[in-house]
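What follows is a single structure, written as structure tokens, with notes after it.
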Amino acid sequence: MVIVMLGAPGTGKGTVAGILKDELKIPQVSTGDIFRKHIKEGTELGKLAESYISKGNLVPDEVTNGIVESRLDDSDVKNGIILDGYPRTVNQAEELDKMLEKREKKVDLVVNLTTPEEEIVERIVNRRICSNHDCKTVYNLILNPPKEEGICDKCGCNLIQRKDDTIETVKSRLDNYFKQTSPLVEYYEKTGKLFSAVVSQSINKLGKDVAKDIIDFLN
Ligand code: ADP
Ligand code: ZN
């Protein structure tokens, strides 16, 4: 089962993917997390990625496609993968189709999340993430705060704020989403694999509710 998570930054891709990972027992692979790990470790790839990410721009397709393709051959993703934040351009979507075809797989489900723009900005600046790489649970100081300030409910590790979760960077991340990523909605609509859902406080629907809808839909 290959699941693709689509949606602007701050719509809850990571939250929904994290729940699906636990419920469906399929690994969640976030290209953003892979880049952040390299940045933390100071690798060459990390340095390159940081120069784009810090400005709110996308890392070039050749780089990103290569990372995903090599990840597809790891044994833990043999039975399925939840791609969280990939593809993000039409080129990436086309390359993904080719990579999967070579491995006799295909995209089975595309989850497309949308959230009103004013909510997105508020969510991103209030977002906190578990620093434990094996946990990475996402919290929101307003919508979904941890029981104890600064501490992950699940594993007890410290919560951190992402460097690119600032008002300044959010603006370009959103612009880039609408220019480069939103055409993928149409790309996948044609395949009949698209599951669209609104994540918004205004209709009382959070990521966890949408995750439940997806699991019901799959059953
Ligand atoms: P968000 O969805 O909140 O922007 P991510 O963790 O998915 O967070 O991505 C963080 C940053 O990493 C993006 O702003 C972008 O610079 C880079 N990135 C992640 N995935 C991709 C991708 N598929 N292609 C290019 N750049 C990516
Ligand atoms: Zn944790």
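We number each residue from 1, following the sequence as shown. Every number for a ligand or one of its atoms is a count from 1 in the order of the listing.
- At distances below 3.5 Å, at least one donor-acceptor pair connects side-chain atoms of K55 with backbone N or O atoms of S51.
- Formation of a donor-acceptor pair under 3.5 Å by the N65 side chain with backbone atoms of D61 is found in this model.
- Of the residues listed (R103, K78, K102), the one engaging D73 in a salt bridge (charged side-chain N to carboxylate O under 4.0 Å, His left out) is R103, and it is the only one.
- The Zn ion (ligand 2) forms the vertex of an angle spanning SG of C135 and SG of C152; to the nearest 10 degrees it equals 110°.
- Among the atoms of C157, none of the N, O or S atoms falls under 2.8 Å from the Zn ion (ligand 2).
- Electrostatic pairing of D175 and R173 does not count as a salt bridge here, judged by no charged N lying under 4.0 Å from a carboxylate O.
- Applying the ring-ring contact (aromatic ring centres under 6.0 Å, His included) test to residues at least two apart or on different chains, the pairs with a partner in residues 174-207 are F195-F217.
- If you look at ligand 1, the protein residues with a non-hydrogen atom under 4.0 Å away are P9, K13, T31, G32, F35, R36, I53, N57, L58, V59, T64, G85, Y86, R88, Q92, R127, R162, D164, R173.
- The SG atom of C155 and the SG atom of C130 meet at the Zn ion (ligand 2) at an angle of about 100°, given to 10°.
- Open room surrounds CD on E149; 12 or fewer heavy atoms of other groups in view lie less than 6.0 Å from it.
- Closest heavy-atom contact between P27 and G80: CD-O, 3.5 Å.
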